[in-house]
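Take a look at the structure below.
Atom set for the values below is all heavy atoms of this structure, side chains included, hydrogens, waters and symmetry mates excluded. Lettering of chains follows the sequences in order, A, B, ..., and the numbering in each one begins at 1. The model shown is predicted, which means the values in this text are computed figures rather than measured ones.
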Protein chains: 2
Amino acid sequence: MFPLIGNVPKNIKTNQVDFCCLFEKYLIIYQQLLTAALKRHQITIIDIARELNLSKSTVSRALTGHPKVSTATREAVLALAEKLDYQRNMIAFNLVTSKTLTIGIIVPEFVTSFFPQVIIGAQEAAAKAGYNIIVSQSNESYETEVANAKVMLANRVDGVLVSLSKETRNFDHLKIFQRKGIPIVFFNRVCDEMQVPKVVVNDYDGAFSAVEHLIQTGKKRIAHLAGPDSLIISRQRLNGYLDALRKYNQPIVEELIIPYDLTTGKVKIYVNHLLALKEPPDALFAINDPTAIEAMQIIKQKGLRIPDDMAVVGFSNDYASALMEPSLTTVAQPMREIGSTAVQLLLDQMDRDVANWKAVTRTLKAELIIRGSSRPLATAPPV
Amino acid sequence: MFPLIGNVPKNIKTNQVDFCCLFEKYLIIYQQLLTAALKRHQITIIDIARELNLSKSTVSRALTGHPKVSTATREAVLALAEKLDYQRNMIAFNLVTSKTLTIGIIVPEFVTSFFPQVIIGAQEAAAKAGYNIIVSQSNESYETEVANAKVMLANRVDGVLVSLSKETRNFDHLKIFQRKGIPIVFFNRVCDEMQVPKVVVNDYDGAFSAVEHLIQTGKKRIAHLAGPDSLIISRQRLNGYLDALRKYNQPIVEELIIPYDLTTGKVKIYVNHLLALKEPPDALFAINDPTAIEAMQIIKQKGLRIPDDMAVVGFSNDYASALMEPSLTTVAQPMREIGSTAVQLLLDQMDRDVANWKAVTRTLKAELIIRGSSRPLATAPPV
DNA sequence: CTGTTAGCGCTTTCAT
DNA sequence: ATGAAAGCGCTAACAG
């Protein structure tokens with residue numbers, strides 16, 4: 001039998017019968033291959049190899065920029081690949097190299113602008129290193145997060161970036177990555193239980209300076225709409241709040257600290273509750289911008305003036321916060337930088353051996369941006 | 001030679017030498033396999049097969065829920081798979097079935113809330129059908145869009161959802177999908193040149209009713225900050241604007257229609273220009289919400305009252321638009337529904353043969369939401 | 001019901 | 001510099 005793929009045998013007999021027979025066979029094979037290619041709708045290395053009368057391996061080498069290929073061959077292959085619009089089948093490539101060049105990102109949501117921005121930063125950094133990103137959202141649900149992790153695992157991502165859902169208290173689904181040697185990096189909502197790299201901002205300092213600022217503007221009863229206790233960021237920000245009060249010898253009033261589980265709709269209840277207190281607060285430090293914004297709407301509806309009757313400060317510097325009336329004072333997080341840093345940490349780990357993984361924690365700077373929702377008109381800077 | 005994988009040969013000789021030899025060989029093989037597995041950090045079908053003394057195919061069948069497997073075998077396999085935390089290698093699965101169960105989405109950006117919401121809708125619909133989503137953003141750049149398309153192609157997505165960048169005028173990079181038999185569905189920013197399914201909203205009607213509303217509130221000089229001419233949505237919305245003016249016999253004033261290429265920062269120039277006109281407009285219909293919001297900030301800075309001096313209407317009902325002061329009148333798009341409908345159309349195509357693809361265009365409803373930025377205080381509804 | 005075999009498209013030794 | 005062959009992990013067609 002003649003070789004299906006590869007060189008045409010050099011010693012073709014010129015004997016007519018032989019040649020006809022040979023030709024016929026080749027014709028059939030050719031047609032079969034053609035049909036197959038059409039059916040696949042894909043150009044493969046074999047198609048190029050057949051056309052150029054080369055072996056698969058040579059074509060592969062030419063395509064991957066292997067040094068030991070003659071210039072003529074390389075150029076011919078590249079030209080034909082271009083012409084035929086050949087795209088390397090990443091699936092097969094992945095199977096062989098057991099690399100997918102893909103980074104998975106699991107975020108709790110991307111409705112507010114925080115996570116989309118982080119993702120953009122991550123995507124840009126990943127693209128530079130030749131990696132793709134696949135994103136999935138846990139919807140703040142533990143179950144979904146576990147499912148997402150399974151999908152990432154099945155898709156054999158080369159690494160994952162995770163920001164935990166508010167429900168997550170068990171981390172087995174994430175420890176699997178470690179066990180399988182897939183690097184994992186936490187960002188924003190991190191996990192103390194796992195010894196892996198993390199990217200956070202100095203939530204404590206941010207919260208501290210926010211509350212300090214409120215105190216300095218003369219506020220005496222500062223309320224805090226805190227985040228769910230499960231999240232470290234909630235606790236950090238709460239601590240910043242408490243320590244600022246302590247530093248300035250303000251009493252810590254239990255009824256002014258309300259833990260909030262981030263469920264939409266509950267802000268209204270809490271703010272109304274705060275406003276109905278015998279001694280209502282004169283300022284509010286909210287766990288994040290969406291919460292602060294929602295609170296502002298309610299406060300304004302009540303006819304209270306912001307910041308005079310009630311100052312408000314948020315956290316993150318969401319897209320909408322500068323657009324409010326008054327604009328929202330907030331602690332800005334370097335969102336894109338969080339994404340790119342997380343990817344960087346991931347790439348670092350992928351380069352080195354499992355044994356050399358280091359659980360560095362990179363803390364980025366969160367900075368207070370003072371805007372109208374907390375700046376008393378009296379102390380406004382002169383024009 | 002003994003079979004590496006599969007049953008242990010039944011007729012093992014009890015002859016000591018033979019047995020020792022056999023055992024030794026198996027030991028070496030076993031250790032090799034073990035090392036390989038450890039190195040791979042992955043549990044494969046072979047690991048399960050070896051452990052349970054079954055063939056690969058049986059394990060595969062048990063795992064995939066094939067009917068012709070004994071209950072005992074299935075349970076044993078499933079139990080071990082669970083215990084070993086086996087995850088099917090999707091890469092290999094994809095290679096064999098030439099399906100990736102992945103849908104690619106190319107969007108121009110996801111900074112504003114429109115595309116994230118569409119993606120959420122798409123992701124939910126896709127998840128229901130067992131598909132994953134991979135998202136990439138073109139950044140409003142044609143070059144990047146082409147690169148993104150190539151990535152999707154190389155990753156062998158089963159289908160793509162595309163919303164064009166503002167720069168895209170050539171569609172060769174997307175026609176490749178068609179040629180390869182990969183279904184493609186456009187949404188929001190569609191392309192007339194390609195005969196494929198599309199999901200749009202009735203931009204014309206939305207724009208028409210927005211402008212009609214402005215006219216009915218007594219506005220006489222309505223400006224339009226139009227989108228780039230390359231986008232069909234821009235033209236549709238412009239036409240709605242024009243026809244509304246015509247219907248009410250208002251003159252069409254060239255200087256009040258400004259095409260805007262969506263570049264950040266330019267809104268300020270245009271709005272200032274409009275306000276500096278000899279006869280400045282008394283209302284503004286903006287191509288989308290971010291533009292309208294930016295315009296509102298500038299108008300307010302100038303000390304003009306909204307809507308009395310200048311009414312503003314946007315398009316899309318972004319997250320921030322309800323939070324403005326005054327809140328922004330806008331034409332709401334069913335964002336999640338756009339995403340889920342697009343996925344639905346894609347799945348429909350994947351089911352049928354290429355020959356039976358139909359280029360349906362699904363038009364969803366865009367509805368005017370009247371808010372403070374256009375509601376004259378005089379005509380405000382009684383409390 | 002179960003085992004054997006042959007690929008999916010690609011890379012990578014090992015020959016030549 | 002090039003070709004042949006093995007194999008990545010899985011599924012599916014074909015035999016028992």
Side-chain angles (χ1 to χ4, degrees), chain A residues 3-10 32-33 36-37 39-50 52-77 81 86-101 154-156, chain B residues 3-10 32-33 36-37 39-50 52-77 81 86-101 154-156:
Chain A
L4 285 191
I5 305 305
N7 287 329
V8 176
K10 265 95 189 176
Q32 284 174 346
L33 289 170
K39 205 172 153 195
R40 283 197 316 270
H41 295 285
Q42 284 184 16
I43 304 295
T44 70
I45 280 191
I46 294 187
D47 299 311
I48 296 178
R50 195 177 50 251
L52 258 38
N53 206 0
L54 289 166
S55 72
K56 290 186 289 177
S57 36
T58 306
V59 174
S60 170
R61 278 190 275 257
L63 251 20
T64 50
H66 202 282
K68 290 185 178 172
V69 186
S70 75
T71 321
T73 311
R74 166 173 293 117
E75 280 174 4
V77 170
Y86 166 81
Q87 299 282 344
R88 168 207 266 143
N89 186 331
M90 288 308 284
I91 308 297
F93 173 86
N94 295 339
L95 186 59
V96 171
T97 60
S98 67
K99 287 203 141 281
T100 53
L101 298 179
N155 278 70
R156 296 294 193 271
Chain B
L4 284 191
I5 304 305
N7 286 329
V8 176
K10 265 97 189 176
Q32 283 173 350
L33 289 170
K39 203 172 153 195
R40 283 198 315 271
H41 294 285
Q42 284 185 14
I43 305 294
T44 71
I45 283 191
I46 294 188
D47 299 312
I48 296 179
R50 193 178 50 252
L52 258 37
N53 208 1
L54 287 167
S55 73
K56 288 186 291 176
S57 40
T58 306
V59 175
S60 171
R61 277 191 277 260
L63 251 20
T64 51
H66 202 281
K68 293 184 179 173
V69 187
S70 75
T71 321
T73 311
R74 166 172 293 117
E75 280 174 5
V77 170
Y86 167 81
Q87 298 283 343
R88 169 207 266 143
N89 185 332
M90 288 307 285
I91 307 297
F93 173 86
N94 295 338
L95 187 58
V96 172
T97 59
S98 64
K99 286 200 143 284
T100 53
L101 298 179
N155 276 71
R156 295 295 192 271

If you round to the nearest 0.5 Å, how far is CZ of R74(B) from NE2 of H66(B)?
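CZ of R74(B) is found 9.5 Å from NE2 of H66(B).
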So CD1 of I48(A) and CG of L54(A): to nearest 0.5 Å the spacing works out to 10.0 Å
Counting distance only, does the side-chain N/O of S60(A) pair as donor-acceptor with the main-chain N or O of K56(A) below 3.5 Å?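 Absent.
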Quick one: [X] [atom1] to [N] [atom2], roughly how many Å, whole number?
{"X": "I46(A)", "N": "dC10(C)", "atom1": "CD1", "atom2": "P", "answer": "8 Å"}
{"X": "I91(A)", "N": "dG7(C)", "atom1": "CD1", "atom2": "C1'", "answer": "17 Å"}
{"X": "I48(A)", "N": "dG9(C)", "atom1": "CD1", "atom2": "P", "answer": "13 Å"}
{"X": "K56(A)", "N": "dA5(D)", "atom1": "NZ", "atom2": "P", "answer": "10 Å"}
{"X": "N53(B)", "N": "dT2(C)", "atom1": "CG", "atom2": "P", "answer": "12 Å"}
{"X": "R156(A)", "N": "dG9(D)", "atom1": "CZ", "atom2": "C1'", "answer": "9 Å"}
{"X": "R88(A)", "N": "dT12(C)", "atom1": "CZ", "atom2": "P", "answer": "9 Å"}
{"X": "K68(B)", "N": "dT2(C)", "atom1": "NZ", "atom2": "C1'", "answer": "11 Å"}

Handout entry: Which atom of I43(A) lies closest to which atom of Y86(A), heavy atoms considered
Key =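 Minimum heavy-atom separation between I43(A) and Y86(A): O-CD1, 3.2 Å.
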Discussion item. Tell me the closest heavy-atom pair linking R156(B) and R88(A), and the distance in Å.
Written reply: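 Closest heavy-atom pair between R156(B) and R88(A): NH1-O, 3.8 Å.
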State whether [X] places a side-chain N or O below 4.0 Å from either non-bridging phosphate oxygen (OP1 or OP2) of [N].
{"X": "T73(B)", "N": "dT2(C)", "result": "yes"}
{"X": "Y86(A)", "N": "dG9(C)", "result": "no"}
{"X": "S57(A)", "N": "dT12(C)", "result": "no"}
{"X": "T58(B)", "N": "dT2(C)", "result": "no"}

Can you figure out which of dG9(C), dT2(D), dT11(D) approaches the side chain of S70(A) most closely?
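Closest nucleotide among those given: dT2(D).
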| task | Could you say whether R61(B) or V96(B) is positioned toward the 5' end of DNA chain C, judged by the nucleotide with the nearest heavy atom to each? | result |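 Checking each residue's closest nucleotide, the 5'-ward one belongs to R61(B).
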What about S60(B), does its side chain sit under 3.5 Å from the base of dA12(D) through a donor-acceptor pair?
no
